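Beneath this line is the structure, given in structure tokens, with notes to follow.
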Amino acid sequence: MTDIEKPLNFIQKVIEEDLASGKTKQVQTRFPPEPNGYLHIGHAKSICLNFGLAKKYGGQCNLRFDDTNPEKEDIEYVESIKNDVKWLGFEWAGEVKFSSSYFDQLYDWAVYLIKEGKAYVCDLTQEETREYRGNLTEAGKKSPFRERSVEENIDLFARMRDGEFQDGARSLRVKIDMAHGNMQMRDPIIYRIKNMEHHQTGDKWHIYPSYDYAHGQGDAIEGVTHSVCTLEFAEHLPLYNWFIENLPVPAVPRQYEFSRLNVNYLVTSKRKLKQLVDENVVNGWDDPRMPTISGMRRRGYTAQSIRNFIESTGVTRVDGVVDMSQLEFSVREDLNENSPRAMCILRPLKVTLWNVPEENSTEYLVAPNHPQREELGTRTLIFDREIYIDKEDFQEEGNKKFKRLVIGKRVRLRNAYVIEADEAIKDSNGEIIEVKARIIEGTLGNNPEDGIKPKGVIHWVSAVQNVDCEVRLYDRLFNDIAPDAGGKDYMQSLNPDSLEVLTGCKGEVSLQAPSTDIPYQFEREGYYFLDEDSDYDQDLENQKLVFNRTIGLRDTWDK
RNA sequence: UGGGACGUCGCCAAGUGGUAAGGCUCUGGGUUUUGAUCUCAGCAUUCGUAGGUUCGAACCCUACCGUCCCAGCCA
């Protein structure tokens, strides 16, 4: 990167002050996803922030699954989340943590609160609880069960734990203030009855702690110094601190909130992404059109490009929407620097170079793998009398702006000769099926001797020896710049053309054994990454190669 | 109408009393065997609005306007 120092964000400033004052000895953070879906670009921000903070200040970051609600969770998600965090390039401290590991301690602390007269078992139904809570402008009413005796509360709470009651029959609430301006403080529920198995604790529990009750205490148990979360939890801060102050916790963590990442044209809500998967709008969580980490990975986005993007957007408390172009810039920046080049014809049009002798027409040419990075080596290109160019690179009659092949005009074949087109051959429908052209002698590495330079450069592939492949082009999933803003129905703005599959594409022979760790730049086309649907086969006839277009090249050609 | 947070260029985002960084986008020029890359130049007399304090304000004060979050036994 650069040696220009980046200004610190507000959380970094807090940490530097805490370190300077001695309040914090060693920074401890945590990334705390609930395993109820796949991670998406929004989580990448939290991951980069939490792990990045720990790394920057020589501390550690835990990966903690906030698994307090077995209803929505699944072991499939914990595995995918671990995989995604690792892929993004981060390493968590020690073993993976689970909020469920603290259920015993949390239970003991709940009993402690009861004994202190600060928690009570409430028999109000869910509807009654809502009525008693009041609303934004009216104070709530105290629950009639608020003054139960300590003994009765302890007994009832134990019986809740033992599975004696139906789901929702009772709850454990903390006694704070039913008239508090902050709704979170109106005797929040900290334990609810759910007679159901948990993916980590099996059938041990019939009651599960709420997020509010489990999160801060989990932080304290793990010695988290700076608990950073998104802005919607700012409302919970007083409650977070209430527990820390009223419980004999081993440490005092502090919560700081930042605004979540929003990118236009994207939807980032686990619930909504799940709907796209469940209704088969996309082909799974890792569909390359999804803004999930796994989808982006499959599409060809590099971990570095995602990290750079997150870094470029900053950390503040301002609600904003980042432009998609900023993400695209980070992806292109990294890929341009690191992708090997290759030529691939997406929509083949045969060109016969009639002045190349028919006998022994094959010629081997050498091309650099990267135009600016010699150290990346070279590759061999096969040149023949018959080649393919892209249909879009030929017009019978061009115009000043069309810098490609035109009848009677010249064009440079990338890394090869200059050619001039003579004739277009059409089928009975009038469609051009072949072009007759000729090479200009002596133009390999040189300009034509007659001084008539070609207008442009186009890519090509031998029609005799090439690699057949399928190419999948992706466009945005939604046509609306803010698909789900203001409660809009995002399913109404789905882009019907978000996937275009091209078969019979022709790649140069270096693509026979393609790279599986970084996209190629198909010159003049964009960046393309090998999809996992590909099938390798020693027998090339049976090999099936599929490439995903990660992103096109920047295009400043005003058509 | 209760409580909380936030408003600096089209989009991100520094700046927190001394006279508006940077990135993305966009526009124009140069180099180029990728209409890519690279490179040069341009792009806020102005910081939500209106007053006030001050020699001096985006930064301090007051009022107003706008946006977002909170009424799950979700996280």
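Each chain gets a letter, A, B and so on, in the order its sequence line appears, and its residues count up from 1. Computed from a predicted model, the values in this text were never measured in an experiment.
No contact: R186(A) has no heavy atom under 4.0 Å from any strand. Residue-level contact check: H215(A) touches neither bases nor backbone, having no heavy atom under 4.0 Å from any strand. Across all strands, K270(A) comes closer than 4.0 Å to no nucleic acid atom at all (heavy-atom distances). When heavy atoms are screened at a 4.0 angstrom cut-off, L136(A) is found touching base atoms of the nucleic acid. Here T316(A) lies in heavy-atom contact (under 4.0 Å) with sugar-phosphate atoms only. Nucleic acid contact for L124(A): base, since at least one base atom lies under 4.0 Å from a heavy atom of the residue. Among the protein residues, P33(A) comes within range of no part of the nucleic acid, since none of its heavy atoms lies under 4.0 Å from any strand. Residue K453(A) is out of contact with every strand shown, counting any heavy-atom pair closer than 4.0 Å. Within the nucleic acid shown, R412(A) comes within 4.0 Å of at least one base atom, counting heavy atoms only. Backbone-only contact: V321(A) has heavy atoms under 4.0 Å from sugar-phosphate atoms and none from a base. Across all strands shown, F233(A) has heavy atoms under 4.0 Å from base atoms, whether or not it also approaches the sugar-phosphate. Within the 4.0 angstrom heavy-atom criterion, only backbone atoms of the sugar-phosphate kind lie near E34(A); the bases stay farther away. No engagement by S259(A) is indicated, since no non-hydrogen atom pair under 4.0 Å with the nucleic acid exists. R414(A) comes within 4.0 angstrom of a base, heavy atoms only.
With rounding to whole Å, N135(A) atom CG is found 12 Å from rG2(B) atom P. The distance between atom CD of Q521(A) and atom P of rU34(B), rounded to the nearest whole Å, is 11 Å. Rounding to whole angstrom units, CD1 of residue I207(A) and C1' of rC73(B) are separated by 12 Å. Between the P atom of rG22(B) and the CD atom of Q326(A) lies a distance of 16 Å, rounded to the nearest Å. Between Q126(A) atom CD and rA71(B) atom P the separation is 13 Å, expressed in whole Å. Taking atom NE2 on H198(A) and atom C1' on rC74(B), their separation rounds to 14 Å, with Å as the unit. Regarding N69(A), its CG atom lies at a distance of 12 Å from the P atom of rC73(B), rounded to whole Å. Atom CZ of R173(A) is separated from atom P of rG72(B) by 12 Å (rounded to the nearest Å).
Residue-to-nucleotide contacts include no donor-acceptor pair under 3.5 Å from the side chain of R130(A) to the base of rG72(B). For E71(A) against rA75(B), a side-chain-to-base donor-acceptor contact under 3.5 Å is absent.
Across the interface with RNA chain B, nearest-nucleotide mapping of L413(A) and R133(A) shows L413(A) to be the residue nearer the 5′ end. Each of D323(A) and I189(A) was assigned the nucleotide of RNA chain B with the nearest heavy atom; the assignment lying further toward the 5' end belongs to D323(A).
W460(A) places none of its side-chain heavy atoms less than 4.5 Å from the side chain of V411(A). V174(A) is listed as a side-chain neighbour of W242(A), based on a closest heavy-atom distance under 4.5 Å.
In this structure, rG17(B) forms no base pair with any nucleotide, since neither Watson-Crick nor G-U wobble geometry is met with both distances under 3.5 Å. Searching all strands for a Watson-Crick or G-U wobble partner of rC6(B) with both distances below 3.5 Å returns rG66(B). The nucleotide rC38(B) finds its pairing partner in rG30(B), both defining distances of the Watson-Crick or G-U wobble pair being shorter than 3.5 Å. The pairing partner recorded for rG72(B) is none, the criterion being a Watson-Crick or G-U wobble arrangement whose two distances lie under 3.5 angstrom.
The pair R271(A)-D484(A) fails the salt-bridge criterion, with no side-chain N (NZ, NE, NH1 or NH2) lying under 4.0 Å from an Asp/Glu carboxylate O. A salt bridge links D393(A) and R524(A); the closest N-O separation between the charged side-chain nitrogens and carboxylate oxygens is under 4.0 Å.
For rC6(B), one of the phosphate oxygens OP1 or OP2 lies less than 4.0 angstrom from a side-chain nitrogen or oxygen of R317(A).
At least one donor-acceptor pair closer than 3.5 Å links the side chain of Y213(A) to the backbone N or O of A110(A).
Here the straight-line distance linking atom OH of Y256(A) with atom SG of C229(A) works out to 11.5 Å at 0.5 Å rounding.
Remark: the T302(A) side chain and the Q304(A) side chain contain no N/O donor-acceptor pair separated by less than 3.5 Å.
For D319(A), the listed nucleotide lying nearest its side chain is rC68(B); candidates were rC74(B), rC68(B), rG35(B).
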